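As structure tokens, the structure follows; a few thoughts come after it.
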Amino acid sequence: MSEKNKCEIGKDISKAKELLDKGKLVGIPTETVYGLAANALDEKAVLKIFKTKNRPKFDPLIVHTNSIEKVKKYVKEIPKQAEILANKFWPGPLTILLRKNEIIPNIVTSGLDTIAFRIPNHPLTLSLLEKLDYPLAAPSANPFGYISPTKSQHVYEQLGDKIQYILDGGESKIGIESTIIGFENNDVIIYRLGGISIEELEKVIGKVKIKKVNGVNPKSPGMLDSHYAPKTPLYFVSNLEFSIEKFKEKRIAIITFNKKLEKTNIVKNYILSSNKDLTEAAHNLFSIMRAADKLDIDFILAEKLPDIKLGKAINDRLKRASILIINEL
Ligand code: TXA
Ligand code: MG
């Protein structure tokens with residue numbers, strides 16, 4: 001990092017605004033994960049996001065603002081179901097795909113005719129968004145393919161040499177990315193599981209469908225197979241004890257829901273939630289994956305969580321983080 005480019009971490013909204021107004025990138029806190037933000041209407045600024053994250057241009061960005069009125073300026077329409085969901089869950093961890101109008105540069109949506117919008121639920125970022133006369137394009141603030149950041153320090157460690165400012169909003173409360181939904185015919189389709197569970201959505205809108213996708217299909221939001229991955233190989237397993245025994249010659253870290261296991265090959269046992277709370281587990285997941293990735297070990301074993309509520313989104317992230325899914329191990 002050149003001295004001139006030194007990255008600062010702070011709570012100064014005016015400073016963040018000043019940089020964003022000039023077409024620069026700023027790390028911003030949200031309740032899900034930290035974002036790497038730029039003026040969504042400034043093509044050059046958006047291009048910097050792709051470069052900084054090393055993100056392929058076929059993977060479109062989520063756009064953030066602070067009111068439904070502002071969203072309306074950039075989309076052709078808000079379908080009735082979208083309005084119901086927005087009123088219920090915004091500000092919050094729900095991203096809604098809407099038909100974009102021509103004000104939004106194509107680079108933001110990778111040429112798709114839909115745009116992903118979200119009103120994040122974080123006081124600092126909401127007051128920043130309120131002061132801006134443009135929305136913010138902001139993917140998670142991690143190098144492409146790595147684990148999403150849930151603290152300003154995570155952003156600093158990985159992108160601190162490439163950006164000038166990170167707005168510090170403490171730890172992300174939810175800790176897992178937003179749920180992405182879209183509409184096909186009269187159906188509500190989930191493109192990515194996340195901070196709002198299927199159960200919560202269905203209480204409001206009735207039955208939803210989950211998009212089944214090919215892992216490398218660029219039109220499939222959040223659905224690239226290998227994602228959210230630590231550098232240390234991670235195995236996502238349904239029978240943890242058996243796998244620990246099988247790898248008794250190796251040095252491993254294990255990530256469990258609430259179990260505490262002692263074996264000589266276990267260097268560290270990370271517990272997601274000692275009282276089996278899926279919300280707490282989601283909150284801790286990415287920090288734990290990052291911590292495990294810093295250990296001197298052969299690999300990480302992560303156990304499957306109950307496949308309900310936020311457990312579904314957690315299992316989805318662990319599955320994508322794993323180099324291989326071992327059902328029988
Ligand atoms: O919680 C979140 O959603 C965080 C915070 C910062 O808001 N953001 C986030 O962004 O997770 P990102 O870029 O890491 O993931 C966005 C996903 C991508 O997988 C992308 O494919 C999908 O959203 N996406 C964005 N726009 C889309 C569109 N128009 N159609 C389909 N998928 C889209
Ligand atoms: Mg991401």
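Read the numbers this way: they start at 1 and go in the same order the structure lists the ligands and their atoms. Since the structure is predicted, the reported quantities are computational estimates derived from the model, not experimental observations.
- For residue Ser140, an N/O/S atom approaches the Mg ion (ligand 2) to within less than 2.8 Å.
- The closest side-chain donor-acceptor pair between Ser273 and Asn275 falls under 3.5 angstrom.
- With respect to Glu77 and Lys72, no salt bridge is recorded, no charged nitrogen being found less than 4.0 Å from a carboxylate O.
- Using a 4.5 Å heavy-atom threshold, the side chains of Ser238 and Glu303 count as separate.
- A donor and an acceptor atom, one from each side chain of Ser178 and Arg192, are located under 3.5 Å apart.
- Under a 4.0 Å criterion applied to the non-hydrogen atoms of Asp59, ligand 1 contributes the atoms 18 (C), 19 (O), 20 (C), 21 (O).
- Residue-level proximity to ligand 1 for Ile28 is absent, since no heavy atom of it falls below 4.0 angstrom.
- Under a 4.0 Å criterion applied to the non-hydrogen atoms of Thr114, ligand 1 contributes the atoms 28 (C), 29 (N), 30 (N).
- Here is the list of ligand 1 atoms found below 4.0 Å of a heavy atom in Leu112: 28 (C), 29 (N), 30 (N), 31 (C).
- Residue Ala138 places a heavy atom under 4.0 Å from ligand 1.
- Stacking of Lys259 on the aromatic ring of Phe257 is not recorded, the 6.0 Å distance cut-off and the 45° axial limit not both being met.
- Side chains of Gln153 and Arg290: no donor on one and acceptor on the other come within 3.5 Å.
- Using a non-hydrogen distance threshold of 4.0 Å, Arg192 registers as a contact of ligand 1.
- Backbone and side-chain nitrogen or oxygen atoms of Ser178 are examined, and one is located within less than 3.5 angstrom of a nitrogen or oxygen of ligand 1.
- Ion pair Lys209/Asp187 flagged as a salt bridge, since at least one NZ, NE, NH1 or NH2 atom sits closer than 4.0 Å to an Asp/Glu carboxylate oxygen.
- Remark: Lys231 is positioned above the aromatic ring of Tyr146, its terminal NZ or CZ atom under 6.0 angstrom from the ring centre and at most 45 degrees off the axis.
- For ligand 1, the atoms closer than 4.0 angstrom to any heavy atom of Val33 are 4 (C), 6 (C).
- The shortest N or O to N or O distance between Tyr34 and ligand 1 is not under 3.5 Å.
- Contact annotation: for Thr32 versus ligand 1, heavy atoms closer than 4.0 Å belong to the side chain alone.
- Considering backbone and side-chain atoms together, His64 places an N or O closer than 3.5 Å to an N or O of ligand 1.
- In terms of polar-atom proximity, defined here as any N/O pair under 3.5 Å, Glu177 makes no such contact with ligand 1.
- Under 4.0 Å is where a charged nitrogen must lie from a carboxylate oxygen, and between Glu200 and Lys203 no such pair does.
- The shortest N/O to N/O separation between Arg55 and ligand 1 falls below 3.5 Å.
- Between Phe299 and Phe247, the gap from one ring centroid to the other is short of 6.0 Å.
- Taking every non-hydrogen atom of Ile180 and a distance limit under 4.0 Å, the qualifying atoms of ligand 1 come out as 17 (C), 22 (C), 23 (O).
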